[in-house]
Amino acid sequence: MKLTEDIAKSLMRRLKLPVPEGAPAETAAKVGELASEFGGTVALKALLPTGRRGKSGLVRLVGAADAEGAASEMLGRQTDLGYVDRIYVEKGAEIAQEFYLAFSFSDRVPMITISTAGGVEIEQVHATTPERIVTTPIDPLKGLRPWEAIDLWSRAGLKGRSLADVGRLTAKLWRAFVELDAEMMEINPLAVDADGRLSMVGTMIEIDDGALGRHPELSDVPSQRPDNPRERMVNDVNRANPGGDARYVELDGDIGLLVAGGGAGLLQHDMIVDLGGRPANHSDISPAPGTVKTEAVLDAVFTNPRSRSLLIGYNHLQMAPVDRVVEALANSVQRNKVDTSRFPIILRLFGPREAEARALAAQIGGVTYLPSGASLLDGARAIVEATRKVSAQQDEGATA
């Protein structure tokens, strides 16, 4: 469960960690009322359980007198990150330095990532000066002790009087990460004011769904349903039908993906990006009775207005008869009236009942089924090239 910032900070406040004063509001009038109580500069933050809000104009710093008007512009907006129906109003923080701190998992090993270059440009820092970011695993049996955290921050380049305080707070946040059964915790920025006081200005937390029974304090938190209608549809179909698991997350590219196998799916995604392609979504799907979950993901791809192509990529060991995947494809193509001459579909689909799958794909028409032995990279190259070709044709037609 991804927590919105108001809930994440209420948990941090309960653990007596340094978060600025703030409260949620559902109306512009309430935003104005809270801003008047706080006085001075306030931060208005769209309550969406995601990052990149600052880069998307969904975090605004305004004077208390301007807060209600600014809130009116934000509330009721459908954005790329979701629909804005609540705003977190937070007392403005004086910031002399911005740091970045995150706990996460890699191959089930907890990791810590820190940087003295925090703030909204942290992704740019990672791309241009990766040496300013320190990432290291944490021994889950030993944990992270204050002196170890201080040493990590020293390696990251932090010096002066803030070093010990930041290190001690980092150790406390590790304990909070464990106690909350979190899968991810990101503090960005972890701010330091001119007097050396620390403040967790940006806080994101994702809790392990399987551990929610241990957290009665989260029992009243509404279940997070995606605002994107296609993500919501796949989510609802997945919950309503037994077996397996289907996931669909929409991105801003134009190559639709139905990939399986966890790591193999991520590898195909990365290969496409390395080749200059832009995925329109990421997906993961495991075997389930029937084709309804597979069809839901395919329906989402075909109805996404950004999608211009589709790669279906399975390995030999996905434990699913591949003719059922092609059956789902045939049903979805027909239902959504997909013109395969204008919407390239590449299949890298090997495994049980492959001969039947190839025969069924031939009946759909316009589908490219790669030969046995084609690699994951072959599939990525094929879909990137096909998408470039059809995109050029469509763009030429639009300007003709």
Kindly work out whether a path of hydrophobic side-chain contacts (I/L/V/M/F/W/Y, heavy atoms less than 4.5 Å apart) joins [X] to [Y].
X    : Y    : value
L298 : V249 : no
V166 : V134 : yes
M185 : F105 : yes
L258 : V390 : no
F103 : L15  : yes

Within the distance-only criterion (no hydrogens, no angle test), does the side chain of [X] pair as donor or acceptor with the backbone N or O of [Y] below 3.5 angstrom?
X    : Y    : answer
S115 : A117 : yes
N238 : A246 : yes
K45  : L58  : no
T291 : R324 : no
S332 : A328 : no
K91  : P20  : no
T113 : A102 : no
T41  : G63  : no
S309 : T387 : no
N241 : V237 : yes

Rounded to the nearest 0.5 Å, what's the gap from [atom1] on [X] to [atom2] on [Y]? Could you check?
X    : Y    : atom1 : atom2 : answer
R388 : D254 : CZ    : CG    : 10.0 Å
L360 : R353 : CG    : CZ    : 10.5 Å
L163 : L158 : CG    : CG    : 5.0 Å
I272 : H269 : CD1   : NE2   : 7.5 Å
L152 : T136 : CG    : OG1   : 6.0 Å
L173 : L101 : CG    : CG    : 5.5 Å

Show every donor-acceptor pair shorter than 3.5 Å between a side-chain atom in residues 174-183 and any protein atom, with sequence neighbours excluded, or say none if there are none.
from	atom 1	to	atom 2	distance (Å)
D181	OD1	R214	NH2	2.7
D181	OD2	R214	NE	3.3
D181	OD2	R214	NH2	3.3
D181	OD2	H215	NE2	2.7

Report yes if the side chains of [X] and [Y] come closer than 4.5 Å at any heavy-atom pair, otherwise no.
X    : Y    : result
M111 : T135 : yes
L218 : L11  : yes
T116 : W153 : yes
Y248 : V301 : yes
E327 : E295 : no
V322 : F350 : no
L190 : Y100 : no
V259 : L267 : no

[X] versus [Y], closest heavy-atom pair with distance:
X    : Y    : answer
V326 : A361 : CG1-N, 3.6 Å
A280 : G253 : CB-O, 3.4 Å
L370 : A382 : CD2-CB, 4.4 Å
S162 : V192 : OG-CG1, 3.6 Å
L44  : A71  : CD1-N, 4.0 Å
A380 : M271 : CB-CB, 3.8 Å

Checklist entry - Going by an N to O cut-off under 4.0 Å, is there a salt bridge joining R247 and D284? => result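 Here R247 pairs with D284 in a salt bridge, since their nearest N and O are under 4.0 Å apart.
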Checklist entry - Does R86 pair with E26 as a salt bridge, N-O distance under 4.0 Å? => result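 Looking at R86 and E26, the cut-off is not met.
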Next on the checklist: Suppose the criterion is side-chain hydrogen bond (donor to acceptor under 3.5 Å, both in side chains): which pairs have a residue in residues 360-382, not counting sequence neighbours?
Outcome noted: E354-S372, S375-D378
Checklist entry - Mind checking who shares a hydrophobic cluster with L47, ILVMFWY linked at side-chain heavy-atom distances under 4.5 Å? => result Y88
Checklist entry - After noting the C-alpha distance and the side-chain angles of T170 and L144, does the key distance pass the side chain to side chain contact (heavy atoms under 4.5 Å, CB included) rule? => result CA-CA 8 Å; T170 300; L144 182 67; 3.8 Å; yes
Donor on one side chain, acceptor on other, [X] and [Y], under 3.5 Å:
X    : Y    : answer
D299 : N336 : yes
S391 : R308 : yes
E250 : N281 : no

Item to check | Those residues that, when tested against F302, pass ring-ring contact (aromatic ring centres under 6.0 Å, His included) (two or more places apart) | outcome: F343
Next on the checklist: Walk me through whether E68 and K30 qualify under salt bridge (charged side-chain N to carboxylate O under 4.0 Å, His left out).
Outcome noted: CA-CA 8 Å; E68 184 171 347; K30 181 62 175 177; over 6 Å; no
Next on the checklist: Show, in sequence, the C-alpha distance, side-chain angles and deciding distance for R278 and I255, and conclude whether the side chain to side chain contact (heavy atoms under 4.5 Å, CB included) test is met.
Outcome noted: CA-CA 6 Å; R278 299 169 55 247; I255 297 176; 5.9 Å; no
Next on the checklist: Does R342, at its CZ atom, have more than 12 non-hydrogen atoms belonging to other residues, nucleotides or ligands within less than 6.0 Å?
Outcome noted: no
Next on the checklist: Working note: I87 + M74, criterion side chain to side chain contact (heavy atoms under 4.5 Å, CB included); need CA distance, chi angles, decisive distance, verdict.
Outcome noted: CA-CA 8 Å; I87 289 176; M74 295 173 68; 3.9 Å; yes
Item to check | Residues L48, V84; criterion side chain to side chain contact (heavy atoms under 4.5 Å, CB included); working and verdict | outcome: CA-CA 7 Å; L48 298 171; V84 181; 4.3 Å; yes
Checklist outcome for this item: salt bridge (charged side-chain N to carboxylate O under 4.0 Å, His left out) pairs touching residues 147-159, sequence neighbours excluded, are R145-E148
Distance-only check: which donor-acceptor pairs under 3.5 Å involve side-chain atoms of residues 196-204, not counting sequence neighbours?
from	atom 1	to	atom 2	distance (Å)
R197	NE	D193	OD2	3.0
R197	NH2	D193	OD2	3.1
R197	NH2	D195	OD2	3.3

